[in-house]
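The structure appears right after this line, and notes come after that.
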Amino acid sequence: MRLSAYFLPTLRETPSEAQIVSHRLMLRAGLIRQSSAGIYSWLPLGLRVLRRIERIVREEQDAAGGQELLMPTIQPAELWRESGRYEDYGKEMLRIKDRHEREMLYGPTNEEQITDIVRQAIKTYRDLPKLLYHIQWKFRDEVRPRFGVMRGREFLMKDSYSFDLDYDGAVRAYNRMFVAYLRTFARMGLKAIPMRAAAGPIGGDLSHEFIILAETGESQVFCDKSLVEFEILDTPINYDADLRPVVERWTAPYAATDEKHDPAVFDRLPADRRLQARGIEVGHIFYFGTKYSKAMGAVVTGAKGESVTMEMGSYGIGVSRLVGAIIEASHDEAGIIWPDSVAPFAVGLINLRPGDAGCDRACEDLYAKLQGAGIDVLYDDRSESPGAKFATFDLIGLPTQLVVGPRGIKSGTVEVKHRRTGQREELSADAALTMLTAQR
RNA sequence: CGGAGCGUAGCGCAGCCUGGUAGCGCACCAGACUGGGGGUCUGGGGGUCCCGGGUUCAAAUCCCGGCGCUCCGACCA
């Protein structure tokens, strides 16, 4: 993509409503624009990041045995009356009426909808287990939306639902999601720590929140510092095997949100391992048994001909929130620093002097070859001052900047700058290409 | 839902107290110079001053009502 043609409205100054760094940077870097309180448009650069996050989420869900479907945003009130939540959910649920005065709602979540689908289709234990998920926009009419996409009213969420014949099956599903979540967040460069959590209005009694530590987080959390050092991606995972050892390793050290915090246990930790911090909740998993299946009659015939109410769990990831959360975890004074896995473009190619034959030729050549190699590259071909170009690319945070200027052209080199470290190297154009294509 | 604040050009703001031709910086447009960290100069365009009502010869400014947005708290993924 040529920057001269790209829709990338960056801001030099920070809009006054943005208080936290991720919100400021998302506005300044041209990722989002606010539509109304807690509701945002995603501009091309922001949408690219959102899609890349979605992709990681999808890959990990699929690997863990999930099957993707897509449920609607607008749901009928009757389903929610069946579960009893139409009244319970309160003012956070956006209620609307269609032209026939039928009561509808904009879904804040989809337990009822999925339970309805599954109860209609699954009648025998032979068709269990099932693990279904979708990635869809949700609406919760928050009293006080804030922090940009971190607590919006409209937000993109991945929600999975498991259906099992018995408790053991439900726990297996829970463990699969537990591990898939660890991998999902790790792939985005995040240190997400699973913490014992209250189940909230969704109900149930086995629940973990996945929390990344950040000063601007809304949750107060307490955990064993050793958890911060844990790694998941170097552990081979077989989702068909017993995942309990992995889950047990991650749940053995103390980690709890303030709702589940037990000071007596926490204080038994050595002082240097007690970590009390703020965190951002990026995922939440629940086992809730038959809460919905019982209320809504999601029943199968068991092996002995008996009726069995399905065991359920639900598992959410705040996809749009993750964009903000990743920025909170990865930025500096100059702007965003995207982890490679979610970067909107892998490479920013900077032509320091458009119009200079040597620079133009070298840039066009690199641009074509990088694209040919399947690398997403944003080519700054604008006639801006060099400083403006560096500032733009630092702001939008692409992992690698490839700088082509007259100085380098004279000596036959281009400069490769790594956004995260600031490290620069002068290489021949060919060597730079080899390096960038090899990284993939 | 309690408390506080703000709505003036795309963004950041001044002007309001004390009513009298709507300003500044950045951004934008044109030209020239410049060219490795948001460069310089010259010229230029852009405004229902959130909306409605009232007071007044005259309202961005004073008064009343509404709407929107933000912050702190409680609540919540």
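This is a predicted model, so every value here is computed, not measured. A, B, ... follow the sequence lines: proteins, then strands. Residue 1 opens every chain.
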Per the atom types in the model, does the base of [N] pair as donor or acceptor with the side chain of [X] at under 3.5 Å?
| X | N | value |
| --- | --- | --- |
| A:Arg28 | B:G38 | yes |
| A:Arg321 | B:A77 | yes |
| A:Lys417 | B:G37 | yes |
| A:Glu415 | B:G36 | yes |

Given the side-chain rings of [X] and [Y], with only the six-membered ring counted for Trp, is the space between their centroids under 6.0 Å?
| X | Y | answer |
| --- | --- | --- |
| A:Phe222 | A:His261 | yes |
| A:Tyr89 | A:Trp80 | yes |
| A:Tyr287 | A:Tyr167 | yes |

At 4.0 Å (heavy atoms only), tell me whether [X] reaches a base, stays on the sugar-phosphate, or touches nothing.
| X | result |
| --- | --- |
| A:Thr392 | base |
| A:Glu17 | sugar-phosphate |
| A:Gly316 | nothing |
| A:Glu384 | base |
| A:Gly283 | nothing |

Practice task
Verify the stacking flag for A:Phe390 against B:G38: centroid separation must be under 5.5 angstrom and the ring planes must differ by under 30 degrees.
Solution key: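 A:Phe390 vs B:G38: stacking no.
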[atom1]-based separation of [M] from [N] [nearest Å]:
| N | M | atom1 | value |
| --- | --- | --- | --- |
| B:C67 | B:G10 | P | 25 Å |
| B:C17 | B:C64 | P | 15 Å |
| B:G53 | B:U61 | P | 14 Å |
| B:U21 | B:C13 | C1' | 22 Å |
| B:C16 | B:C29 | C1' | 33 Å |
| B:A77 | B:A4 | C1' | 27 Å |
| B:A32 | B:G12 | C1' | 29 Å |
| B:G52 | B:A60 | C1' | 16 Å |

Check every atom of [options] against the side chain of [X] and return the nucleotide holding the closest atom.
| X | options | value |
| --- | --- | --- |
| A:Glu281 | B:A77, B:C26, B:C1 | B:A77 |
| A:Ser16 | B:U70, B:C75, B:G12 | B:G12 |
| A:Glu142 | B:A77, B:C71, B:G35 | B:A77 |
| A:Arg424 | B:U70, B:G38, B:G37 | B:G37 |
| A:Val403 | B:G36, B:C26, B:C75 | B:G36 |
| A:Leu11 | B:G38, B:G73, B:C11 | B:C11 |
| A:Gln19 | B:G38, B:C76, B:C71 | B:C71 |
| A:Arg144 | B:C72, B:A77, B:G35 | B:C72 |
| A:Asp394 | B:C76, B:G37, B:C69 | B:G37 |

Exercise for the section: Report yes or no: is the cationic atom of A:Arg48 (NZ for Lys, CZ for Arg) closer than 6.0 Å to the six-membered ring centre of A:Phe345, at no more than 45° off its axis? Expected result: yes
Practice task
May I ask you to verify if any side-chain N or O of A:Arg12 is less than 4.0 angstrom from the OP1 or OP2 atom of B:C11?
Solution key: no
Fill in the blank from the handout: When every non-hydrogen atom of A:Leu182 is compared with those of A:Ala192, the smallest separation belongs to CD2-O, 4.2 Å
Practice task
Identify the two heavy atoms, one from A:Leu206 and one from A:Tyr174, that lie closest to each other, and give their separation to 0.1 Å.
Solution key: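 So the two residues come closest at O-CE1, 3.5 Å.
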Exercise for the section: Please give the nucleotide sitting opposite B:C17 as a Watson-Crick or G-U wobble pair, both distances under 3.5 Å, or none. Expected result: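 Its partner: none found.
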Fill in the blank from the handout: When A:Gln34 and A:Gly152 are each assigned the nearest nucleotide of RNA chain B, the 5'-most assignment goes to A:Gln34
Exercise for the section: By nearest nucleotide on RNA chain B, pick out whichever of A:Thr10 and A:Glu218 is the more 5' one. Expected result: A:Thr10
Exercise for the section: Starting from P on B:A77, measure out to CD1 on A:Ile280 and report it in whole angstrom. Expected result: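 Computing the A:Ile280:CD1 to B:A77:P distance gives 16 Å.
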Fill in the blank from the handout: Rounded to whole Å, the CD-C1' distance (A:Glu13 to B:A14) equals 14 Å
Handout entry: Test item: side-chain donor near acceptor, A:Asp360 and A:Asn351, under 3.5 Å
Key =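 Yes, a side-chain donor-acceptor pair sits under 3.5 Å.
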